[in-house]
Number of protein chains: 2
Amino acid sequence: MKPNKISEAVVRRLPVYLRFLNELSASRIQTVSSQDLGEKLDLNPAQIRKDLAYFGEFGRKGVGYNVDYLIEKIRQILKLDKMMHVALVGTGNLGRALCNYNMYIKDNMKIVSVFDADESKKGTLINQLTVQPMQELSAAVKQHDISVGIITVPSAEAQNVADQFVAAGIRGILNFAPVVLKSIPGVRIHHADFTAELLSLAYYMDHINGSLNGEESQ
Amino acid sequence: MKPNKISEAVVRRLPVYLRFLNELSASRIQTVSSQDLGEKLDLNPAQIRKDLAYFGEFGRKGVGYNVDYLIEKIRQILKLDKMMHVALVGTGNLGRALCNYNMYIKDNMKIVSVFDADESKKGTLINQLTVQPMQELSAAVKQHDISVGIITVPSAEAQNVADQFVAAGIRGILNFAPVVLKSIPGVRIHHADFTAELLSLAYYMDHINGSLNGEESQ
DNA sequence: TAGATTGTTAATCGATTAACAATC
DNA sequence: TAGATTGTTAATCGATTAACAATC
């Protein structure tokens with residue numbers, strides 16, 4: 001199949017496939033069907049086949065998919081073979097946790113520079129990284145070939161940091177602040193919005209027995 | 001409008017509306033139109049009106065929505081007025097960061113108990129909470145009326161923790177481990193999957209100039 | 001009033017699922 | 001071969017957007 005427009009929904013499922021395939025590979029399982037994948041990942045097998053078919057013919061009819069081959073292909077698609085350098089701004093609890101993780105983002109991302117607007121934090125060490133003031137962002141992006149920025153500052157400052165990222169030449173941003181950021185064409189912003197996940201989770205609590213909106217329902 | 005089946009997409013947008021409305025309220029802005037909201041939140045105004053209309057008639061034709069009234073209504077819908085008690089399992093970097101946050105989850109969620117499978121962590125203090133061993137989970141859920149569980153353990157252990165949550169009577173789970181968890185009907189599992197966000201972000205880097213899949217397939 | 005904006009129905013768009021020929 | 005499973009087209013489903021009467 002030709003690489004037409006791939007929808008976001010498809011791209012977001014690729015990491016999910018990849019992670020499970022890695023598990024299979026670690027268990028020395030060599031072949032997997034869309035059926036198997038669907039059961040484990042709670043997805044429709046036809047959807048999985050269709051998702052993969054956007055990028056090529058990776059399976060064998062009557063057999064299934066070779067696990068290691070499919071891993072290789074998905075890694076290529078997601079471009080996980082190139083190491084990407086990451087800058088993180090905001091050294092609060094979450095920012096420090098991510099720096100200490102760091103290798104959790106293992107496959108292809110590495111936090112190489114850390115920044116904080118608070119001048120008093122300058123020089124602090126976090127997992128071998130020295131906290132820098134924001135004025136040094138632009139130079140660091142050039143020096144370390146940084147392509148991705150992570151925002152872990154309070155909501156009120158997030159847009160400002162995003163703008164500075166863009167000005168410095170960063171083209172991919174992961175924003176942890178619970179606020180919608182404005183971007184420009186060519187810059188991709190993803191949100192890691194777990195506070196929204198929690199709030200929407202609350203909605204579903206006890207909703208099974210349908211006690212919401214008692215006044216108007218039915 | 002009658003409260004029929006509300007789609008997940010709608011519920012997920014409610015926290016986004018709420019947060020921006022809170023900003024408006026803080027700025028003493030009393031009225032807002034779906035037009036304004038749409039511009040700020042990058043959404044179609046018709047979609048916003050439709051979303052809100054699922055739950056009632058909150059606006060005034062020709063005028064717009066009263067900010068504080070809409071805040072109140074959305075808080076009711078999401079049930080943010082009741083405080084929910086939360087248990088967290090896994091006191092690694094991320095788990096500790098969330099505990100230290102804690103009030104970040106301010107509106108209606110409070111972490112009241114923290115657990116770790118590692119016995120040697122028993123008794124450790126994290127932001128005034130004492131780390132407990134897993135055997136005490138069930139009793140704590142009853143004692144503190146805990147309704148939500150947060151999972152911040154490694155992927156391999158996440159399903160096991162989820163099962164223990166369910167067995168203890170928890171009906172809402174926020175999972176930070178990058179793995180798909182199996183649930184049972186009546187238990188709601190949300191994922192805070194920022195590693196997937198990063199991996200899918202990588203896909204879009206440089207894809208603007210469309211250099212993917214230069215070779216057709218194979 | 002005249003202009004603005006909602007609530008809601010109808011039209012459109014896109015994503016998921018079903019079905020099946022191809023073929024391993 | 002016979003059974004299994006892909007890749008892909010067609011059918012279905014659901015979500016978004018447009019349009020507009022109601023009305024503030």
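Atoms considered below: every heavy atom in the structure, side chains included; atoms not considered: hydrogens, waters and symmetry mates. Per chain, numbering begins at 1; letters A, B, ... match sequence-line order.
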| query | The side chain of Lys50(A) lies closest to which of these nucleotides: dT8(C), dC24(C), dT9(D)? | reply | dT9(D)

| request: Could you check which of dT16(C), dG7(C), dT5(D) has an atom nearest any side-chain atom of Ala9(A)? | output: dT16(C)

| Where Ile146(A) and Ala140(A) come nearest, the two heavy atoms and their spacing | CD1-O, 3.7 Å

| field | Validation row: Phe55(A), Leu14(A) side chains within 4.5 angstrom (heavy atoms) | value | yes

| note | Heavy atoms of Val153(A) and Gly90(A) approach each other most closely as CG1-CA, 3.6 Å

| Any donor-acceptor N/O pair, Gln159(A) side chain to Lys182(A) backbone, under 3.5 Å | yes

| task | Take the protein atom CG of Leu43(B) and the nucleotide atom P of dA15(D), then report the distance between them rounded to whole Å. | result | 15 Å

| Does the side chain of Arg13(B) get closer than 4.0 angstrom to OP1 or OP2 of dT16(D) through an N or O atom? | yes

| Strand DNA chain D in bracket notation, Watson-Crick/G-U under 3.5 Å with | for pairs to another chain | ..||||||||||||||||||||||

| message | Give me the atom names and distance for the closest heavy-atom approach of Ala168(B) to Val141(B). | response | O-CG1, 3.3 Å

| said: Expressed as a whole number of angstroms, how long is the span from Asn44(A):CG to dA11(D):P? | reply: 18 Å

| Is any side-chain nitrogen or oxygen of Tyr54(B) closer than 4.0 Å to OP1 or OP2 of dA15(D)? | no

| field | Donor-acceptor pair, side chain of Asn100(B) and main chain of Ala97(B), under 3.5 angstrom | value | no

| field | Rounded interatomic separation in angstrom, taking CG from Leu52(B) and P from dT6(C) | value | 9 Å

| query | So, is Arg49(B) close to the dG7(C) phosphate, meaning a side-chain N or O under 4.0 Å from OP1 or OP2? | reply | no

| Distance in angstrom units between Lys61(A) NZ and dT5(D) P, rounded | 14 Å

| message | Can you see if the side chain of Tyr65(A) gets near the phosphate of dG7(D) - specifically, an N or O under 4.0 Å from OP1 or OP2? | response | yes

| request: Say whether, by atom type as modelled, one donor and one acceptor occur between the side chain of Asp116(B) and the main chain of Thr91(B) under 3.5 angstrom. | output: yes

| task | Check every strand shown and say whether Arg60(B) touches a base, only sugar-phosphate, or nothing at a heavy-atom separation below 4.0 Å. | result | sugar-phosphate

| message | Looking at Ser34(B), I'd like to know whether one of its side-chain N or O atoms comes within less than 4.0 Å of OP1 or OP2 on dT6(C). | response | yes

| In whole Å, what is the span from the NZ atom of Lys73(B) to the P atom of dG7(C)? | 13 Å

| Asp36(A) CG to dT6(D) C1', straight-line distance once rounded to whole Å | 13 Å

| field | Closest to the Ala46(B) side chain, choosing from dA18(D), dA15(D), dC24(D) | value | dA18(D)

| said: Whole angstroms only, please: what is the CD-P distance between Glu8(A) and dA15(D)? | reply: 17 Å

| request: Write down the distance between CD1 (Ile48(B)) and P (dA15(D)), rounded to a whole number of angstrom. | output: 17 Å

